[in-house]
**Q** 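Next up is a structure, given as structure tokens.
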Amino acid sequence: MAIHLTKNMKFISKILTFHVYSRTSSLQSALYSNNINTFSMYNKLSMFHTSNSLLHYSASLSTESEDGTSVPDHQEFQKWGNGGGLFHKSACIDPSAVVQTGAVVHPGAILGENVHVGSGAVIGPNVTVGCSTRLGYNVSLTNCFIGDSCVVHNGACIGQDGFGFFIDEHGNMAKKPQTLYARIGNHVEIGSNTCIDRGSWRDTTVGDYTKIDNLVQIAHNVVIGKYCMLCGQVGIAGSAMIGDYVALGGRAAIRDHVSIVSKVRLAANSCVTKDIKEPGDYGGFPAVPIHLWRRQVASHRLNYKKDIKIG
């Protein structure tokens with residue numbers, strides 16, 4: 001058994017040595033002639049442990065990931081002169097744009113005039129960023145279109161899959177397809193660590209001049225109008241529709257598939273469970289017109305004081 005294992009390890013070592021150190025023309029001709037049989041064995045090798053050393057191998061010939069998506073060749077990325085970040089040769093970047101060191105711009109992405117991309121940011125394939133938009137550190141953009149003169153603060157994520165699952169006929173948890181986009185209008189500001197999911201049956205949309213605070217969650221298929229203000233920790237569930245000039249207080253929650261008409265203000269910690277069809281101020285859980293909510297609060301305090309006296 002030991003002899004057999006030793007022979008196998010020697011054979012593996014020879015394969016790795018040949019792959020790493022060989023510079024012969026026969027190896028090059030095999031590569032350029034798409035000799036898949038020769039190199040399929042190398043793609044399957046990942047790591048081998050021996051008693052004397054640890055041998056590492058990383059395949060660079062594969063063009064597809066495990067889930068079947070295309071993976072660009074790292075050799076096609078180049079250093080951007082204005083900032084030192086990396087960009088794919090198929091990306092379209094205006095010469096005035098700044099891509100700082102550590103940022104990566106993937107294939108097919110488009111960056112307009114005077115765009116600023118902070119260190120650690122990732123601009124995914126085919127993402128469009130409008131003129132004069134600023135992206136902070138560690139921003140992640142995928143499957144989205146960003147308008148002109150926007151500000152996206154550190155750590156924000158836009159365009160990732162929404163939260164959609166169902167139980168199939170076999171009792172297994174299955175994922176609903178998330179295949180559409182997130183579209184951000186012009187002059188929008190998005191706070192740190194805010195997440196905006198891509199759409200599943202319609203694009204997730206944020207209107208012009210809307211301002212979004214830190215730690216806000218906007219689910220798939222949500223449509224937000226123009227000139228809205230969303231304070232910190234607001235959560236908007238999937239497929240909700242919000243009109244123009246809507247203000248949501250901190251930690252307000254919007255249930256899925258509800259609609260809020262334009263010019264509504266919602267108090268902090270409130271929850272909208274059904275459509276709001278009239279402009280005005282609302283509060284409470286469930287949200288009601290503000291004067292009714294204040295009466296509820298006053299009545300609750302009065303009853304509480306009575307209970308204390310009786311007790």
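It should be emphasised that the depicted structure is a prediction, and the values quoted were computed from it without experimental measurement.
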**Q** For D203 and T205, which I'm curious about, is there any donor-acceptor pair between the side chains at under 3.5 Å?
**A** no
**Q** Distance from S239 atom OG to R255 atom CZ, nearest 0.5 Å?
**A** 11.5 Å
**Q** Kindly indicate, with the supporting measurements, whether the criterion side-chain contact (heavy atoms from CB on, under 4.5 Å) is fulfilled by I290 and Y282.
**A** CA-CA 4 Å; I290 198 71; Y282 294 79; 6.0 Å; no
**Q** Determine the minimum heavy-atom distance between S200 and P177, stating which atoms define it.
**A** CB-O, 3.5 Å
**Q** Just by modelled atom types, is the C150 backbone N or O under 3.5 Å from a matching donor or acceptor in the T133 side chain?
**A** yes
**Q** Can you list the steps and then say if K226 with D244 is a salt bridge (charged side-chain N to carboxylate O under 4.0 Å, His left out)?
**A** CA-CA 5 Å; K226 302 177 181 179; D244 301 332; over 6 Å; no
**Q** Under 6.0 Å between ring centres: does that hold for H106 and F77?
**A** yes
**Q** Look at the side chain of T204 and the backbone N and O of D197, then say whether any donor-acceptor pair between them is shorter than 3.5 Å.
**A** yes
**Q** Parallel, tilted or perpendicular: which one describes the rings of Y245 and Y227, with boundaries at 30° and 60°?
**A** parallel
**Q** Could you grab the distance from atom OG of S270 to atom CG of D281, nearest 0.5 Å is fine?
**A** 10.5 Å
**Q** CD1/I260 to CD1/I254 distance, rounded to the nearest 0.5 angstrom?
**A** 3.5 Å
**Q** Does some side-chain heavy atom of H153 sit less than 4.5 Å from a side-chain heavy atom of R134?
**A** no
**Q** To the nearest 0.5 Å, tell me how far S192 OG sits from I212 CD1.
**A** 12.5 Å
**Q** If I compare all heavy atoms of G283 with all of A267, which pair ends up nearest, and what's the gap?
**A** CA-CB, 4.0 Å
**Q** For K277, what residues pass the salt bridge (Lys or Arg N to Asp or Glu O under 4.0 Å) criterion, not counting sequence neighbours?
**A** none
**Q** So, applying side chain to side chain donor-acceptor pair (under 3.5 Å) with D161, which one of H220, Q178, R198 is it?
**A** R198
**Q** What's the spacing between C228 SG and L248 CG if we round to 0.5 Å?
**A** 7.5 Å
**Q** Looking only at non-hydrogen atoms, find the nearest pair between V258 and D275 and report the distance.
**A** CA-OD1, 3.3 Å
**Q** Between D213 and G232, is there a donor-acceptor pair closer than 3.5 Å when you use the side chain of the first and the backbone of the second?
**A** yes
**Q** Determine, step by step, whether I224 and I218 satisfy the side-chain contact (heavy atoms from CB on, under 4.5 Å) criterion, reporting the C-alpha distance in whole Å, the side-chain angles of both residues, the deciding distance to 0.1 Å, and the verdict.
**A** CA-CA 9 Å; I224 299 174; I218 300 174; 3.7 Å; yes
**Q** Relative to each other, are the rings of W80 and F87 parallel, tilted or perpendicular (30° and 60° limits)?
**A** perpendicular
**Q** Supply the atom-to-atom distance H88 NE2 to E76 CD, rounded to the nearest 0.5 angstrom.
**A** 4.0 Å
